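Working notes, beginning with the structure itself.
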Number of protein chains: 2
Amino acid sequence: MPYSLLKENIKKYVEISNEELDTICSFFKPQIIKKKEFLLTQGDIYKFEGFVIEGCFRVFTIDKKGNENVLYFASKDWWVMDIDSFMNQKPSHLNIQALEDSKVFLIHRTNKLALYESLPIVEKLFRVMSQKALVAWQRRLIRNNTYSARERYLHFTSTYPNIATKLTDKQIASYLGITHEFLSKIKKQA
Amino acid sequence: MPYSLLKENIKKYVEISNEELDTICSFFKPQIIKKKEFLLTQGDIYKFEGFVIEGCFRVFTIDKKGNENVLYFASKDWWVMDIDSFMNQKPSHLNIQALEDSKVFLIHRTNKLALYESLPIVEKLFRVMSQKALVAWQRRLIRNNTYSARERYLHFTSTYPNIATKLTDKQIASYLGITHEFLSKIKKQA
DNA sequence: GAATAAAGTTGAACAAGTTCAACTCAAAGA
DNA sequence: TCTTTGAGTTGAACTTGTTCAACTTTATTC
């Protein structure tokens with residue numbers, strides 16, 4: 001099983017032994033998600049945390065008017081989860097859908113909780129991971145408040161060129177918080 | 001020293017013994033910050049993490065044009081920090097300023113790192129805290145993308161009435177990502 | 001208590017982004 | 001291969017929010 005991608009990812013966050021890595025990886029099971037299939041549908045209680053090996057996912061909400069709003073995209077080497085639903089075992093507000101045939105490693109909640117108990121480094125791993133993610137979300141919020149739609153678009157495509165090419169303009173617009181019609185006009189004059 | 005507020009706050013995140021609480025608290029030192037004084041100025045490297053006992057702070061960035069953008073407010077019972085600068089010891093992008101005479105408990109980075117090592121529950125505490133914060137930031141981003149300025153204003157004032165009353169409209173507008181002139185117009189027709 | 005600075009208000013002109021509708025084009029399904 | 005579906009484009013009218021400037025009101029400061 002090619003756990004190397006996951007192992008390298010974890011090593012970016014913490015210093016960790018090979019034994020510990022093997023233990024952690026042993027709880028992650030591969031799963032194929034076909035294009036357009038859902039890893040999570042809102043209302044469900046999320047029981048798995050995922051790490052993307054291949055393909056791409058979109059994580060999005062649907063508001064009362066039925067508008068979809070993309071929270072983030074997760075492609076190879078990204079984590080994908082609904083922390084709120086996973087932690088508190090309450091119905092999710094999020095939807096997670098494969099944009100192409102994808103492969104993820106999933107860890108069941110029970111196993112993750114056990115790992116927290118048995119392997120202290122796992123607490124640190126997810127503490128550091130969460131803190132880094134927090135910083136990224138704060139930055140994104142500041143960008144949303146200070147950049148124009150055009151600037152946000154250019155920032156996104158230059159920061160995540162690999163992901164951007166996999167996406168339709170509709171999906172990118174939804175991530176940027178604008179209509180796809182307006183994105184089309186932005187691109188024309190870019 | 002009235003550590004009870006800090007202790008109660010910590011107990012919201014983890015189950016913890018009184019001995020452990022006492023150990024943690026022993027590293028937090030009280031400090032008075034006068035109105036308009038700064039706990040952190042951008043460019044500085046952040047060496048302390050804070051927990052607010054009294055008063056209120058605004059955490060904000062300043063962009064190239066000189067516009068201030070409020071990331072969040074922290075009043076009594078809130079944590080105040082620049083995780084990025086604190087974790088990686090690099091110059092901060094943030095400013096943290098007291099909006100009124102305030103009191104915080106500060107823990108020095110050295111002591112916090114030592115606590116992570118010596119007391120495993122501290123890893124868990126900040127892991128859970130970060131994950132909860134992450135969820136809150138994700139929600140706020142979704143709100144910013146889906147709510148109008150007026151809806152955001154009403155949401156803020158009804159969710160944080162205690163904080164909102166301490167703030168000027170200029171500060172609230174900056175938090176909402178709109179001009180204070182426009183907020184004034186929103187309030188008129190509200 | 002006067003002077004000054006800062007916060008808040010208002011209006012007019014403007015810019016950014018949305019909505020709706022009609023259309024084109026490419027891709028996927030039967 | 002034909003059909004259908006969905007993505008992307010464009011324009012006109014509209015709404016939301018900004019900018020700038022002038023003004024009023026409320027806090028600070030000396």
Side-chain angles (χ1 to χ4, degrees), chain A residues 34-38 55-56 58 60 62-70 73 95 97-101 141-157 163-190, chain B residues 34-38 55-56 58 60 62-70 73 95 97-101 141-157 163-190:
Chain A
K34 290 252 173 83
K35 183 171 180 173
K36 292 189 180 173
E37 283 183 356
F38 284 79
C56 191
R58 64 194 258 262
F60 64 102
I62 304 177
D63 65 21
K64 314 109 205 172
K65 294 177 202 158
N67 294 320
E68 296 183 356
N69 192 277
V70 173
F73 300 104
N95 301 276
Q97 185 185 31
L99 295 176
E100 47 187 58
D101 291 353
L141 198 117
I142 292 286
R143 275 198 305 278
N144 273 326
N145 278 357
T146 57
Y147 285 22
S148 68
R150 189 162 178 280
E151 288 170 323
R152 262 139 57 207
Y153 171 69
L154 295 174
H155 178 272
F156 177 70
T157 51
I163 296 184
T165 51
K166 295 183 175 191
L167 305 173
T168 64
D169 282 358
K170 236 175 165 173
Q171 289 157 355
I172 295 176
S174 172
Y175 174 88
L176 297 175
I178 58 175
T179 60
H180 68 281
E181 292 97 330
F182 189 56
L183 177 55
S184 174
K185 287 163 196 175
I186 287 172
K187 291 180 74 176
K188 196 184 171 190
Q189 56 152 198
Chain B
K34 289 249 173 85
K35 184 171 180 172
K36 292 191 181 174
E37 283 183 357
F38 285 79
C56 190
R58 64 195 257 263
F60 65 102
I62 304 177
D63 66 21
K64 314 108 206 173
K65 294 176 202 156
N67 294 320
E68 296 183 356
N69 192 276
V70 172
F73 300 103
N95 302 276
Q97 185 185 31
L99 296 176
E100 47 186 60
D101 290 354
L141 198 119
I142 292 286
R143 275 198 304 277
N144 273 324
N145 278 356
T146 58
Y147 285 22
S148 68
R150 188 161 178 281
E151 290 170 322
R152 262 140 58 208
Y153 171 68
L154 295 174
H155 179 271
F156 177 71
T157 51
I163 297 184
T165 51
K166 295 183 176 193
L167 305 172
T168 65
D169 283 357
K170 235 177 167 173
Q171 289 158 354
I172 295 176
S174 172
Y175 174 89
L176 297 175
I178 58 175
T179 60
H180 68 281
E181 292 97 331
F182 189 57
L183 177 55
S184 175
K185 287 162 197 176
I186 286 173
K187 291 179 74 177
K188 196 183 171 189
Q189 57 154 197

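Order of the sequence lines fixes the chain letters, A, B, ..., with proteins taken first and strands second; residue numbering starts at 1 for each chain. Computed from heavy atoms alone, side chains included, the values below leave out hydrogens, waters and symmetry copies. A quick note: this is a predicted structure, and the numbers were derived from the prediction, not measured.
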Check side chain to side chain contact (heavy atoms under 4.5 Å, CB included) between [X] and all other residues, then give those that pass, not counting sequence neighbours.
| X | answer |
| --- | --- |
| A/Lys34 | A/Glu37, A/Asp101 |
| A/Ser174 | A/Val70 |
| B/Asn95 | B/Phe38, B/Thr41, B/Gln42, B/Phe60, B/Ile62 |

Atom pair [atom1]/[atom2] of [X] and [Y] - distance to nearest 0.5 Å:
| X | Y | atom1 | atom2 | value |
| --- | --- | --- | --- | --- |
| B/Gln171 | B/Glu68 | CD | CD | 9.0 Å |
| A/Asn69 | B/Ile142 | CG | CD1 | 4.0 Å |
| B/Glu151 | B/Ile186 | CD | CD1 | 10.5 Å |

Can you check the [X] [atom1] to [N] [atom2] distance for me, whole Å?
| X | N | atom1 | atom2 | answer |
| --- | --- | --- | --- | --- |
| B/Asn144 | D/dG17 | CG | P | 11 Å |
| B/His180 | D/dT24 | NE2 | P | 16 Å |
| B/Lys166 | D/dA27 | NZ | P | 17 Å |
| B/Lys34 | D/dT28 | NZ | P | 15 Å |
| B/Lys187 | C/dG8 | NZ | P | 7 Å |

With heavy-atom distances below 4.5 Å as the criterion, would you say the side chains of A/Lys187 and A/Tyr153 are in contact?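 They are in contact (side-chain heavy atoms under 4.5 Å apart), so the answer is yes.
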Strictly below 4.0 Å, heavy-atom distances to any atom of DNA chain C: list the hits from residues 168-175 of chain A, or just say none.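 Under 4.0 Å from DNA chain C: no residue of residues 168-175 of chain A.
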Does the protein touch nucleotides 11-30 of chain C at the base, only the backbone, or not at all? Give it as B, S and - per nucleotide, heavy atoms under 4.0 Å. BB----BBBB----------
For a side chain to side chain donor-acceptor pair (under 3.5 Å) with A/Arg152, tell me which candidate from A/Asn144, A/Thr146, A/Thr157 qualifies.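 When A/Asn144, A/Thr146, A/Thr157 are each tested with A/Arg152, the side chain to side chain donor-acceptor pair (under 3.5 Å) holds only for A/Asn144.
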When the ring planes of B/Tyr175 and B/Phe156 are compared, do they come out parallel, tilted or perpendicular, using 30° and 60° as the limits?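 Rings of B/Tyr175 and B/Phe156: tilted, 30 to 60°.
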Evaluate the criterion side-chain contact (heavy atoms from CB on, under 4.5 Å) for residue pair A/Phe73 and A/Lys166; output intermediate values, then yes/no. CA-CA 10 Å; A/Phe73 300 104; A/Lys166 295 183 175 191; over 6 Å; no
Indicate yes or no for a side-chain donor-acceptor contact from B/Gln97 to the backbone of B/Lys36 under 3.5 Å, with no hydrogens or angles considered.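 The answer is yes, because a donor-acceptor pair under 3.5 Å joins these two groups.
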To 10°, what angle do the rotation axes through the five end pairs on each side of the helix from C/dG1-D/dC30 to C/dA30-D/dT1 form?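 Answer for the end axes of this duplex: 60°.
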